[in-house]
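Have a look at the structure below before the remarks.
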Amino acid sequence: MSNPYAHIIEPLDPKKPEHKFFNLTKLGDPRYERLPFSIRVLLESAVRNCDEFLVKKEDVESILNWKQTQTQTVEVPFRPARVILQDFTGVPAVVDFAAMRDAVKKLGGDPEKINPVCPADLVIDHSIQVDFNRKSDSLQKNQELEFERNKERFEFLKWGSKAFQNMRIIPPGSGIVHQVNLEYLARVVFQQDGHYYPDSLVGTDSHTTMINGLGVLGWGVGGIEAEAVMLGQPISMVLPEVIGYRLKGTPNKFITSTDIVLTVTKHLRQVGVVGKFVEFYGPGVAQLSIADRATIANMCPEYGATAAFFPVDHISIQYLEQTGRDVEKLSYISQYLKAVGMYRDYSNETQDPDFTKVVELDLCTVVPCCSGPKRPQDRVAVSEMKEDFESCLAAKQGFKGFQLPPERHDVSVPFQYNDVDYSLSHGSVVIAAITSCTNTSNPSVMLGAGLLAKKAIEHGLSVKPYIKTSLSPGSGVVTYYLKESGVMDYLVKLGFEVVGYGCMTCIGNSGPLPDPVVEAITKGDLVAAGVLSGNRNFEGRVHPNTRANYLASPPLVIAYAIAGTVKIDFEKEPIAVSANGKEVYLRDIWPTREEIQAVEREFVIPAMFKEVYEKVEKVNDRWNSLNAPSDKLYTWDVKSTYIKSPPFFDGLTKELQQPKSIVDAYVLLNLGDSVTTDHISPAGNIARNSPAARYLTSRGLTPREFNSYGSRRGNDAVMARGTFANIRLLNKFLNKQAPSTIYLPTGEMMDVYDAAEKYQQAGHPLLVLAGKEYGSGSSRDWAAKGPFLLGIKAVLAESYERIHRSNLVGMGVIPLEYLNGETADSLGLTGRERYTVAIPPQLTPRMIVDIKLDTGKTFQARMRFDTDVELTYFHHGSKLADSSRMNSENFSLSEKIVSQSYVRQGLQARRGHEQLVRLLLEQGKCPEEGWSESTIELFLNELAVMDSNNFLGNCGVGEREGRVASSLVARRHYRLIHGIGRSGDIAAVQPKAAGSSLLNKITNSVVLDVLKFSGVRSVSSCFVVPMATGMSLTLCFLTLRHRRPAACYILWPRIDQKSCFKSMITAGFEPVVIENVLEGDELRTDLEAVEKKIEELGAENILCVHSTTSCFAPRVPDRLEELAFLCAKHNIPHIVNNAYGVQSSKCMHLIQQGARVGRIDAFVQSLDKNFMVPVGGAIIAGFDEDFIKEISKMYPGRASASPSLDVLITMLTLGASGYKKLLSERKELYTHLAQELKALAERHGERLLHTPHNPISLAMSLDGLQASCDKAVTQLGSMLFTRQVSGARVVPLGVEQTVSGHTFCGFMSHANAYPCPYLNAASAIGITKNDVELSIKRLDKCLKALKKEGNVEKHEPVTVTSEDPNDQTVP
């Protein structure tokens, strides 16, 4: 389908008409200029990708309407321009892709369909460790060891770069992923396929946000989600709130960008920005370089936001020039961003957009600071470091406490190092690392560190030799300008040799400490300190022996290294005493901002960047010499301890299992607050006494060959054993830090892995209890994969970190969340109970479930599946299995698009439903109380099923897209989202009728694809159910009965659908039929007859029903308008029943948009209190205007409201007890129907497919047929063929009809055979067992007729022809 915004495409430069862009300013919408710049990027993506299918105009409207929708949990799709990975997360991704290819091949699909469809860059930067330091050959030796340890991994990655398209790998030794991204990979503006558009990305590292500093929108996602994006699935995201962070003032001359970011981190943690965008603006931004901005954006995960965006300005362009970007590209980058209103002038307040909230920081108030000792948000002013550390020693064990008794605060442990006597005490610095892209990307702080080192040497200062010092630049450019500026020699003299190009100490690759140092720390149980210029300092991350770790700027790292302790007040105490006995203070050697800037201007030049990055992909000789296989399928080496085919796809079949309740689960671990992904899946060294070490030893490896957990992420056997192996894990079962737990059946203490293995061997499911912020820290997919492999079925926590929750979902581990205000303590949970979590067959986002303990106690929790897409992954078992099944079934991109739109439809409607339910309850519009949270959740589940069912028919799917809505999409989503199952060969729900040609085009393609897939050659249908008039009207009538109890008659312009009578009678009304009159060739409503009946019966006793299905003529709106005016004139509540998809849209536009037909404005105004409310299958009159306004707010930007709203309102009208009664009755009917159908099938020797009420369900049912099945008796309803009410042609039973080469047996006319009762959602109303018996008898009769040769009238086959060979519509 063509893009509806194609009219705003224009050339950026008239001289180059082939290069175009979507000019958002031509939307002519004043709201655009008020949008935050970050939201404009989302809008551009939506506009450019809008196809009314994957991305709809309503998505564009939702984004444009951000000021209102930001608080309404509105979900929109976002397609990033690219994906970026580092090797710790990249290796598992490539392993998963390789395993997916194997799985797809086993399922009969094309393995090469597993392939990135958007550009992906993988930077190898996490493998190198600080094994050697303080030596001139440290870099060479560390790189040699890196290749020695990781040769298998690197060969595997090199295979991946050949086997997969769109995947580029930056070899080891090039730098840190985010710095390489900033200096080299970032496009800022893409020029691709003849279009310009903003650069955007997601990455498998939480600090992907660093690129926001350059004006490129991007954020971290889990590795599992990134893999889905690489395979072509867009991100489904909730429109975020955007916090405006206004910077003003100028920092004083001694302040670094690190001081600013640590101040911002603490401030925004206090503000609360989790899950939100932060956008920086104000005059203070212009005072910051791009490197400064990137430092602030880098630590976005530490303050909890999703993104930290600095829109592009002239300084951004200057940075691109400085880093050697192509001049021609710079020209179109500026031109494009200015043309679309995305170029920022921070001094121009008129450009300031609207924000959710504004907070402010005066840069002149920032003081030198660090953060620690255990979390990045715990900022400490340098002047307060000594006092703060001493208070932490005494404080209770926690983020700011080590709980040491007072008598141990002054412990000092002597030791010898290189035959010299030293001593260590609490606070002694043993690691000082200039590391991490957070700071090494910033020339100002790196040169500042170099100038400080120069002054320190000139003052005769040094660093004690036992302190592990290191310098790991983020790119080769850093080394270049440090050498050219002359400061490198001084850094080397203080021990800060270049040890490698990678993350290193920041991620725990700090390497071993000297044995005498470790022995002294252990002997004194010392709180030794690490100081690093990184972004993460969680306990146990940096090094097992540094319990206190502080984040600091590179100059401060050197300062604390010289001081040798963090227990120092630099303002009052000398940093050291020089060789000549003179006291030297930090202020004596600290360089000013002006000094640093002067050196930067002279030595950081474009030529450096060009020289380094021109050869970045080829310069590493070790990488170039690696031999990698060229096969498209990877040949797994069973002897490898690095790369192993994961078990995630073992036993994968096309069939899906129903979600099951978790029964009698044991708690594996009882954890507290802020459990990080480092606690769950450490990246650092493998302890020699750990389960992982025992496994590697059994494979013949020595401790020297263990490497790190991060490097072993391609081997699930190691990673499963490393799950919860962090020595700083605090388990409440033990009340101490240890990677251990209690095996509850026997009370034994053992390693977590060993306990989990015993539980799994005994067949016991497992849970984890946790507090707030579970999974904070790095976006580590193994923190979800590992628990999955341990047999953990769910985590019950107070709150989750965003990315980790998504990763748990992606692995099929249920994230359960306590209801508001509840905790394990408030509920009295000890973790020693056994837990049963009731998982219903039909799931909806954020639903509430019941949990029962073996003690008899019960409580509820919320399942944090936040979207229907996430539920899809859960039903598949994991996101990886979902992707494999999709590709094994040869899904095209358009088919994926259909499926995602289908999913999103139910989700959008459900959000409105939930608000409406609350509103109705609050306003007392329900006759009784009793709507508990669990009952409401169950009710909303039913509505979500209905909404997704109606998607293809009622939501304007285009004809081309309709044709690709194949059985694969249908089967996958109907079953997986809604959990509809089968009893034997029987699927027990019912069909739906419809009459639009559009719907039939969609339906025909679905049915035909199902038949092709299943090998079924003949289908016979026995009866038809007009769903909308059957169910929707019954519900509408009941609603209006409640609102107008005196009315006893319904005026009904007749259509030939007898179930309407039953609906009216069920609701307690007497139908008064108004026969239609023939006007020319068309049936029209007899308005004169309506007038007479109103006069005869009395307006106060009447309701009116007007069905669009009786008026398929082109002038439907005019007659509808006339009838509506007539009802309004007499104050008669009026229901417009729009049973079919196309008519639905016409009616809604008629009511909502106005002025499209004649006097519609006057018509709407005249209705006054009887304004017609669009509620899905029917438009119900009778609600007051305030209520109407509330409803319209809940369904913003939608052409029509949800098909299930009529059900919703009626059910609430009936009350909780009435609803529960219906559920009970329906269950009986289902059971009875299934039994009768099964018996009937056995009598006739047929496989009966009693399908749910649309072709989605037909697809699901036919999935179980064997390819050799020649015939299936099923209910397709009249959906299969176009049906006009006036002069409808329905093919009689037994008549053959050919559609696109497929021959079908004919249908019984709906006019000649009363349909089987409708049995979905609320449809137990008015249905009895007698109705079921009647249907079974008719089906029995039909089957007998089919078996008697010559017993049915013979007709010539009807062959469908069309000018469009792809058009499968019956004329």
Side-chain angles (χ1 to χ4, degrees), residues 86-92 123-134 138-151 153-154 172-179 205-207 430-440 468-474 496-514 518 530-546 549 551 557 642 676-678 681-687 690 692 703-714 718-719 722 725-728 777-778 780 782:
Q86 37 89 341
D87 57 305
F88 269 16
T89 51
V91 167
V123 181
I124 301 176
D125 68 342
H126 277 50
S127 299
I128 191 166
Q129 300 183 36
V130 190
D131 291 287
F132 299 93
N133 67 312
R134 287 184 175 249
S138 294
L139 173 61
Q140 180 183 345
K141 286 186 173 181
N142 286 330
Q143 289 182 336
E144 287 174 354
L145 261 182
E146 177 188 21
F147 268 80
E148 181 183 326
R149 288 170 174 149
N150 297 284
K151 183 181 179 183
R153 296 172 66 243
F154 292 169
S174 304
I176 303 173
V177 57
H178 307 306
Q179 187 163 342
D205 190 284
S206 51
H207 295 101
V430 295
I431 289 178
I434 298 176
T435 183
S436 171
C437 52
T438 308
N439 286 289
T440 65
K468 188 158 191 178
T469 51
S470 60
L471 168 59
S472 51
F496 289 90
E497 285 271 4
V498 173
V499 295
Y501 295 93
C503 288
M504 305 189 83
T505 301
C506 187
I507 57 161
N509 286 355
S510 49
L513 290 175
V518 174
V531 184
L532 64 152
S533 63
N535 47 40
R536 293 272 165 82
N537 58 336
F538 302 122
E539 191 174 16
R541 176 187 175 97
V542 174
H543 193 281
N545 296 114
T546 57
N549 296 282
L551 305 182
V557 170
Y642 277 103
T676 71
T677 52
D678 284 289
S681 183
N685 291 331
I686 298 173
S690 65
R704 182 179 175 274
E705 299 170 303
F706 285 173
N707 210 335
S708 65
Y709 282 112
S711 67
R712 297 278 179 183
R713 287 181 182 168
V718 175
M719 297 309 296
N726 191 311
I727 63 171
R728 300 300 177 193
S778 301
R780 195 163 291 173
W782 266 107

The criterion is side-chain hydrogen bond (donor to acceptor under 3.5 Å, both in side chains); which residues satisfy it with R713, sequence neighbours excluded?
none
Closest contact, heavy atoms only, V557 versus F496:
CG1-CE2, 4.2 Å
Distance-only donor-acceptor check, side chains S206 and R536, under 3.5 Å
yes
May I ask you to test the L532-L551 pair for a side-chain heavy-atom distance under 4.5 Å?
yes
Can you check whether R712 reaches I686 side chain to side chain, under 4.5 Å on heavy atoms?
yes
The criterion is side-chain hydrogen bond (donor to acceptor under 3.5 Å, both in side chains); which residues satisfy it with N133, sequence neighbours excluded?
none
Give the minimum heavy-atom separation between T438 and G534, together with the two atoms involved.
OG1-C, 4.2 Å
Nearest 0.5 angstrom please: S470 OG to L139 CG, how far?
12.0 Å
By ring-ring contact (aromatic ring centres under 6.0 Å, His included), which residues pair with F147, not counting sequence neighbours?
F154
Any chance you could lay out the side-chain contact (heavy atoms from CB on, under 4.5 Å) test for V177 and H207, step after step, and finish with the verdict?
CA-CA 10 Å; V177 57; H207 295 101; over 6 Å; no
How would you list, by chain and number, every residue that makes a side-chain hydrogen bond (donor to acceptor under 3.5 Å, both in side chains) with T440, sequence neighbours excluded?
Q179
Reported CD-to-CG distance for the pair E148 and N707, which is rounded to 0.5 angstrom:
10.0 Å
So, R728 side chain and P544 main chain: donor-acceptor pair closer than 3.5 Å or not?
yes
Measure the shortest side-chain to side-chain distance between S690 and Y709 over non-hydrogen atoms and say whether it is less than 4.5 angstrom.
yes
Quick one, D125 and H178 - any side-chain contact, counting heavy atoms below 4.5 Å?
no
Check side chain to side chain contact (heavy atoms under 4.5 Å, CB included) between S681 and all other residues, then give those that pass, not counting sequence neighbours.
M719, R780, W782, A783
In this structure, which one of T546, V531, N549 forms a side chain to side chain contact (heavy atoms under 4.5 Å, CB included) with N537?
N549
Could I get the full list of salt bridge (charged side-chain N to carboxylate O under 4.0 Å, His left out) partners for R149, not counting sequence neighbours?
D131
Pair up each side-chain donor or acceptor in residues 499-512 with any protein partner under 3.5 Å, not counting sequence neighbours, and list the distances.
unit_1, atom_1, unit_2, atom_2, d
Y501, OH, T479, OG1, 2.6
N509, ND2, H126, O, 2.7
N509, ND2, I128, O, 3.2
S510, OG, V542, O, 2.7

Does S533 reach the main-chain N or O of T435 with its side chain, forming a donor-acceptor pair under 3.5 Å?
yes
Okay, side chain of N726, backbone of P682: is any donor-acceptor separation there less than 3.5 Å?
no
Those residues at least two apart in sequence (or on a different chain) that pass salt bridge (charged side-chain N to carboxylate O under 4.0 Å, His left out) with E705 are none
Identify the two heavy atoms, one from G714 and one from V91, that lie closest to each other, and give their separation to 0.1 Å.
CA-CG1, 3.8 Å
Salt bridge (charged side-chain N to carboxylate O under 4.0 Å, His left out) against D87, all qualifying residues, sequence neighbours excluded:
R153
Distance from I176 atom CD1 to Q86 atom CD, nearest 0.5 Å?
11.0 Å
E144, K141, E497 screened by side chain to side chain contact (heavy atoms under 4.5 Å, CB included) with F132, the one that passes
K141
Test log, rule side-chain contact (heavy atoms from CB on, under 4.5 Å), inputs L513 and I431
CA-CA 8 Å; L513 290 175; I431 289 178; 3.6 Å; yes
Using every non-hydrogen atom in the two residues, find where F88 and S708 come nearest and quote the distance to one decimal.
CZ-OG, 3.9 Å
Mind checking salt bridge (charged side-chain N to carboxylate O under 4.0 Å, His left out) for E146 and listing every partner two or more places apart, or none if nothing turns up?
none
Quick one: list whatever passes side-chain hydrogen bond (donor to acceptor under 3.5 Å, both in side chains) with T469, sequence neighbours left out.
R134
